[in-house]
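Accompanying notes for the structure given below.
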Amino acid sequence: MMKRYDFKTSEAKWREYWFNDNIYESVDFSEKPKKYILAELPYPSGKFLHVGHMMRYTVPEIYSRFLRMRGYNVLFPMGWDCFGLPPETYAQKEGITPQEAIEQATKAYKISMMDMGYAIDWNREINTSDPEYYKWTQYMFLILWRRGLAKQQEMPVWWCNELGVLADEEVLPAKDGNGRVSERGGYPVQRKMFKQWVLDIPAYADRLISDLDKVDYEPSVKLAQKNWIGRKEGAQVKFDIDGNEVEVFTTRPDTLFGVTFIALSPQHTLIDQLLDKIDNKQEVLDYIQKAESLTDLERQTKEKTGVKLNGIYAKHPLDATKTNIPVMVADYILTDYGTGAVMGVPAHDERDREFASKYGLEILEVVEKPADFDAKAVFTGEGTIINSGVYNGLNSTDARLKIVNDLEKLNKGRKATTYKVRPQIFSRQRYWGEPIPLVYKQDNSIEAVAEKDLPVTLPVMRDFIVGSDGTSPLEKNTEWNSVNDSTGQPAKRETDTMPTWAGSNWYYMRYIDPKNDKAPADIEKLKYWMPIDMYFGDAGHTTAHLLYSRFWFKVLFDEGVVPLDEPYMYRMSGGMLLGPDGGKMSKSRGNVINPKDELEKYGADALRTYLAFIGPYEETYPWNPRGLEACSKLVQKIYDLKIKVSDAAIADETSKLLNKMIKNMTDMMDELKMNTSVSEIMIFVNHLPKLESINKEVWEKFLLVIAPFMPFIAEELWQEFHGYTKWNKENSIHLQSWPSFDLSLLDEKVSEIPVQINGKLRSEIPVTPDDNEQTIRTKVLQNEKLIKHMDGKEIKKLIYIKDKIVNVII
RNA sequence: GCCGUGGUGGCGGAAUGGCAGACGCGGAGGUCUCAAAAACCUCUGGGGCGCAAGCUCCUUGAGAGUUCAAGUCUCUCCCACGGCACCA
């Protein structure tokens, strides 16, 4: 009876040797070519790494091992994204501080990564909540602030009584369809205006689009970046409303003569000034209040509502006869997109039409519809301009140019571009984040904390819960927030903290130089390691995180802190791992897989192999316990083979299969196809038991190719095979070279190829390398089956693709 | 509604425009066993014909197109998933 492979003992042993000797060290300025493989760092919240994390990390990790064996100096680092809500809520529940929660969680996460055998140089571990780390986050914030890219602005924000201000990403539609709730906790959330720190990402929008040419992301990822930025060309047009100048943005200046109303968002600043001039002030005030408190509801119902400002009219900028354009307040106008005001052209815009129909506003067509156009539908296309005075007869493109040109001459408008991406809110009224390193002087002006005084350390506080007044918990800590300004006068610290994504905007730089106390990272080291060759992460981060961190990096480039202006050369986003029932893993469904149990039962090699085998990295698939079992059996089968290893000669077939496997795996792993690579291993393992004995050279090469997938058993068998009695770092299989293959062995002589008749597969014929179309034709005419199918007809045409196929057309 | 991604056996999935279904799971039958588990061997997309080796038709969400040849390229439609949601 075969001995069972004792993975527990083996894994514990090698893990200890590997990490004590740091065999996966990434060497700065090594002679070898570098590869920087990055996987998004986890935020440690629970007690053990989630199985979803493992699926996210295993494929990139196997790839990094492959590259190391191919002679690269590889950086595959890991760290912890520690700030943010999850540790705070966890700490609150456990009655500890977030600092303590983080310490527990990072320890546990690190152990589980070591248990998985991840090839990480732990000397480069980082923690975004470590003051030595966030010192540099604060330093970077000050760069943004000095450059005017971090500024304070009244912003409509999601407000939650329990959690304070939330980011868009932290807010979800409520399950019952009424309003919105917080992502964590499910508390009710509403819109409120608040003064917030924001990052001016739109200022870099054009570069963020054009520099996509410098990188090699998947086309869909590039497209997602472009769509998220949402650049739109058009014009800003000034309307005179009761003596005030109001700008609107439009992508269709050619429809300017079709304006029959102006609509302002409920938060538009002009409304205040007009209130006393109208006779329906109370109605308007009521409407605005309702719009603010019921925004969510209105959005759900999709019915557009509004209210007229009685007696207030706008003047048309190009048509002096139109001085009586009604002005409406409407909640379908967004406060923070464009200018917060639109020109209503109900003839050529669906939303304007819906609104105008409801409130009895005029509909004036200014673009000619095609003759066959449905009379009731809204024509939003382009065409010949009508009802537009001197512009009549022009096509839309020409009219657009001419109208904008004329507006510019009169100083009543200009060509303009607007973006969907908005200034991103960068402050949180919460405890567990990086303090914003600014100080309010007595005159309320703002001063930066001197660089030598960084980091501004977050004080340890037991009572870190957000007050329901919406102020940061740091507001209560007067001992901490009372300081002196640079002139020695009493001043007060900014008590808002930064959002979770502050630290994760630049973490990849710190791995390069994790202990530097003079700079975020040494510029020469950055030159060596950057850019990141491949970036792996969550599909949900393909838009926001990727964009914000690219923005951040470009600002650092402009400041001279980093030597290039794009951080990631390639991005691949991973799919999701579902429960065995095919549903999303969740406690309430009871379908959560605990990786610790699986690791206990089957070992790391089996789990790693399964996570690689389960499917392509980008796809989503359910967990299948049988699949893991199969991989566990594979590990055992490999172990059982070792007794067959001998000096006996290599059979031709084995040699061919070995070379084929190595060749295929080399190609596949370069393309990150780890699932089919595992298939290749399986095919070869299915062949080996048929042999009387396994030649030593075959065994050696075989162990090398399984090493990235099953590092533990590969090391075990490698050490045993070589008869190493004492651990010596240099002898580790993981520091050896990937085996080469002999192409000449793969020149398979094709002896038979399929023949189609009229595209249908009918038979095979024998071929030789010397065959030409003529000899093939002869062979076809000799084949009984083919003769039968040709049914006496003549060959009209014969297509012969060498070594592939013959197609006979009759 | 918009944007994106995808749709291939009972299931996860393979297929530089050239023999669809590699590999794995599951299933069926068998060997071993008092029996079971494990392990091993054979078969396994569907229909029809045949005692049988085999023969034959159909098959990559639906429909059209390009091509000697389409899972793969083009168009239209349907469905699922992810993201954004009144974006002027």
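Residue numbering restarts at 1 for every chain, and letters A, B, ... go by the order of the sequence lines.
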With the side chain of [X] defined as its heavy atoms from C-beta on, choose the nearest nucleotide among [options].
X        : options             : answer
A/Ile799 : B/C40, B/G26, B/G18 : B/G18
A/Asn807 : B/C68, B/C86, B/C19 : B/C68
A/Gln756 : B/G18, B/G26, B/C23 : B/G18
A/Ile683 : B/C19, B/C23, B/G18 : B/C23

- Query: On RNA chain B, nearest-nucleotide positions of A/Ile809 versus A/Glu764: which is more 5'?
  - Reply: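 Looking at RNA chain B, the more 5' nearest nucleotide goes with A/Glu764.
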- Of A/Met576 and A/Asp352, whose nearest nucleotide on RNA chain B comes first from the 5' end?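 Checking each residue's closest nucleotide, the 5'-ward one belongs to A/Met576.
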Under 3.5 Å for both donor-acceptor distances, Watson-Crick or wobble: does [N] have a partner, and if so which one?
N     : answer
B/C19 : none
B/C32 : none
B/C84 : B/G1

If I take atom [atom1] in residue [X] and atom [atom2] in nucleotide [N], what distance separates them, rounded to the nearest angstrom?
X        : N     : atom1 : atom2 : result
A/Leu761 : B/C57 : CG    : P     : 10 Å
A/His687 : B/A22 : NE2   : P     : 20 Å
A/Glu350 : B/G1  : CD    : C1'   : 10 Å
A/Arg422 : B/A85 : CZ    : C1'   : 10 Å
A/Tyr639 : B/A38 : OH    : P     : 22 Å
A/Tyr610 : B/C23 : OH    : P     : 19 Å
A/Trp623 : B/C25 : CH2   : C1'   : 14 Å
A/Gln636 : B/A37 : CD    : P     : 19 Å

Tell me whether the side-chain N/O atoms of [X] come closer than 4.0 Å to OP1 or OP2 in [N].
X        : N     : result
A/His541 : B/G83 : no
A/Lys633 : B/A38 : no
A/Lys760 : B/C58 : yes
A/Arg762 : B/C57 : yes

- Taking side chain as C-beta onward, heavy atoms only, is A/Ile201 less than 4.5 Å from A/Tyr419?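 Result no, sub-4.5 Å side-chain heavy-atom pair not found.
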- Polar contact flag, side-chain donor to acceptor under 3.5 angstrom, A/Tyr287-A/Thr305: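 On atom types as modelled, these side chains qualify, holding a pair under 3.5 Å.
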- Is it true that the side chains of A/His541 and A/Ser573 contain a donor and an acceptor less than 3.5 Å apart?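 No, no side-chain donor-acceptor contact under 3.5 Å.
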- Query: Hey, is the main chain of A/Tyr800 close enough, under 3.5 Å, to the side chain of A/Glu773 for a donor-acceptor pair?
  - Reply: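 No, the answer is negative, given that no donor and acceptor are paired below the 3.5 Å cut-off.
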- Should the ring pair A/Tyr610 and A/Trp623 be called parallel, tilted or perpendicular, given that the plane angle runs from 0 to 90° and is split at 30 and 60?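 Ring orientation of A/Tyr610 relative to A/Trp623: perpendicular.
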- Please check if the distance between the ring centroids of A/Tyr617 and A/Phe536 is under 6.0 Å.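 A/Tyr617 vs A/Phe536: aromatic centres under 6.0 Å.
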Which whole number of Å gives the distance between the [atom1] atom of [N] and that of [M]?
N     : M     : atom1 : value
B/C3  : B/U76 : P     : 12 Å
B/A15 : B/C19 : C1'   : 12 Å
B/G82 : B/C77 : P     : 23 Å

- Task: Look at the side chain of A/Lys304 and the base of B/C86, then say whether one donor and one acceptor between them are separated by less than 3.5 Å.
- Result: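 Between B/C86 and A/Lys304, which were checked side chain against base, a qualifying N/O pair under 3.5 Å is present.
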- Summarise how protein sits on nucleotides 4-16 of chain B as a single string, 5' to 3': B when a protein heavy atom is under 4.0 Å from the base, S for sugar-phosphate-only contact, - for no contact. SS------BSSSB
- Closest heavy-atom contact between A/Val404 and A/Lys415?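 Looking at all heavy atoms of both residues, the shortest contact is CG1-N, 3.6 Å.
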- Message: A/Thr676 and side chain to side chain contact (heavy atoms under 4.5 Å, CB included): which single residue from A/Glu671, A/Met668, A/Met665 fits?
- Response: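 Filter result, single survivor: A/Met668.
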